[in-house]
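For reference, the structure is listed below as structure tokens.
Note that the structure is a prediction, hence the values are computed from the model and not measured. Here is the naming used below: chain letters follow the sequence lines, and residue numbers restart at 1 for every chain.
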There are 2 protein chains.
Amino acid sequence: MTSHIHCQNCSMATLCLPYLLSPEQTEKLDTIIQRHRPLQKRDLLVNSGQKLSFLYAVRSGSLKSYTLDSQGGEQIIDFHLPGDVIGFDGLIDGQHRSYTQALETTMLCEIPIQSLDQLSAELPGLRKQLLRVMSGELHASKTLLGTLNHHSAQQRLANFLVTLSSRFKQRGLSSREFRLSMTRADIGNYLGLSVETVSRILTQLQQDGVVAVKSKLVEIRELERLRALTL
Amino acid sequence: MTSHIHCQNCSMATLCLPYLLSPEQTEKLDTIIQRHRPLQKRDLLVNSGQKLSFLYAVRSGSLKSYTLDSQGGEQIIDFHLPGDVIGFDGLIDGQHRSYTQALETTMLCEIPIQSLDQLSAELPGLRKQLLRVMSGELHASKTLLGTLNHHSAQQRLANFLVTLSSRFKQRGLSSREFRLSMTRADIGNYLGLSVETVSRILTQLQQDGVVAVKSKLVEIRELERLRALTL
DNA sequence: CGACGGATTGAGGGGATTCAAATGTAGTGG
DNA sequence: CCACTACATTTGAATCCCCTCAATCCGTCG
């Protein structure tokens with residue numbers, strides 16, 4: 001008998017919806033949650049315009065969300081790491097508002113919105129956590145707006161690395177050394193920079209000894225100096 | 001005896017939290033909502049870091065929200081119009097995450113978060129609308145991100161005007177002619193452009209006959225052409 | 001009427017883009 | 001398993017869009 005994955009023993013529980021819930025309440029939440037089939041690199045999880053019936057929680061791996069502009073070009077608006085919940089921006093009209101694609105092999109949980117709403121009526125902690133998670137996303141999005149609007153390419157990239165580092169730390173992974181599952185083009189797209197600029201600035205940061213980059217592997221050598229570069 | 005303002009007869013009800021609620025349910029919501037003292041131009045509604053005890057709904061007037069960067073400069077992240085609800089991005093940790101300042105004389109409602117949560121347990125429609133409103137804000141924020149990252153100054157400004165126009169329309173006001181309550185500097189700050197660029201592009205749009213601008217008054221002469229410029 | 005903040009207009013410079021080419025890496029099929 | 005190919009990354013040179021600096025103009029309010 002295989003040991004199925006449950007919220008009760010999920011390592012991402014503290015970042016995800018179970019946060020604030022007692023063991024008994026978490027068990028209740030678990031009963032409405034399904035596992036989703038694993039995604040391979042480049043697999044699409046959702047299409048823009050698709051009916052929003054589930055929220056998805058990332059268990060492992062990573063994804064990017066993007067919209068298409070009038071010329072069919074990607075506009076990346078988010079990278080999703082384990083513990084993140086996907087789909088909140090579609091609640092307004094019951095449709096997904098973007099495409100979401102796996103950047104590597106990725107495992108997900110599937111949360112039926114209908115059941116989630118019913119359950120949240122009886123669990124104040126779940127209600128609160130739903131609002132907290134959405135609020136956090138909203139805050140992150142607005143903060144990023146400010147960052148992109150008022151900062152240079154170097155500042156944007158430094159900020160990107162610092163933010164990633166702290167997100168990995170939250171997830172119990174190394175904040176000093178991590179793997180970029182997205183391409184340089186993805187990073188540039190997300191930050192409003194060209195691929196070439198991203199590459200140039202990474203090599204420059206490396207020459208300055210602030211980070212060490214080897215292909216997709218990043219090592220942050222001097223976090224404080226990097227942090228200073230975000231300002 | 002003055003006729004106090006109630007959700008039941010508020011013209012913004014369809015944009016605000018009462019949407020989806022029956023008259024009886026709206027009355028319940030109304031009981032927990034207080035009017036806030038009117039704000040004058042430049043008055044601060046909330047300070048960044050301040051404890052978040054209330055959400056605020058705009059009844060009339062307008063406001064801007066901004067954070068401060070390391071040099072003390074404003075980073076404008078939002079403009080609020082009647083019907084908008086302010087404060088969602090602070091739910092994650094119970095603190096307001098930005099400064100919010102009136103751009104003109106402004107009337108507000110004050111919604112105690114504690115009571116709102118309790119009420120939302122018994123009103124599924126209110127729960128849904130809360131999520132809808134937050135989701136809408138999240139979506140707007142992410143869309144704006146994409147817009148700013150991948151578009152020229154002219155495209156950004158055209159998009160700003162089209163978006164404002166449609167927001168005024170939603171509120172039962174003219175979508176063809178409206179007043180910009182914020183300064184050119186505010187617009188530039190919000191869009192990541194310098195004041196001079198905003199000014200230059202507005203005059204250029206005027207010369208092209210797409211809009212007519214007279215100080216703070218904007219008339220959109222050819223909405224479709226303006227819309228085409230956003231792409 | 002004068003003064004001040006806001007808006008416009010012009011000239012010049014710089015940071016990031018674009019175009020172009022070389023190099024490195026990963027994925028595929030023989 | 002390796003050769004081949006497609007994609008990703010790096011690097012260089014030239015260009016351009018927008019910013020900065022500076023001066024003037026306009027509207028509003030004391």
Of B/Val198 and A/Thr183, the one whose nearest nucleotide on DNA chain D sits closer to the 5' end is A/Thr183
Between the base of C/dG15 and the side chain of A/Arg200, is there a donor-acceptor distance below 3.5 Å?
-> no
Taking C-beta and beyond as the side chain, do A/Leu217 and A/Val213 meet within less than 4.5 Å on heavy atoms?
-> no
Residue pair B/Gln75 / A/Asn149, side-chain heavy-atom distance below 4.5 Å = no
Ignoring backbone atoms, establish whether [X] has a side-chain N or O less than 4.0 Å from OP1 or OP2 of [N].
X        : N      : answer
B/Ser199 : C/dT9  : no
B/Lys214 : D/dG27 : no
A/Lys216 : C/dA26 : no
B/Thr203 : C/dT9  : yes
B/Ser194 : D/dC18 : no
B/Thr197 : D/dC19 : yes

By nearest nucleotide on DNA chain C, pick out whichever of B/Ala185 and A/Gln154 is the more 5' one.
-> B/Ala185
B/Thr230-B/Gln155 side chain donor-acceptor pair, cut-off 3.5 Å | no
From the options D/dA8, C/dG10, C/dC19, select the nucleotide whose nearest atom is closest to the side chain of A/Glu196.
-> C/dC19
B/Arg184 side-chain proximity, nearest of D/dT10, C/dA7, D/dC19 = C/dA7
Between A/Gln101 and A/Arg42, which heavy-atom pair has the shortest distance, and what is it?
-> NE2-O, 3.0 Å
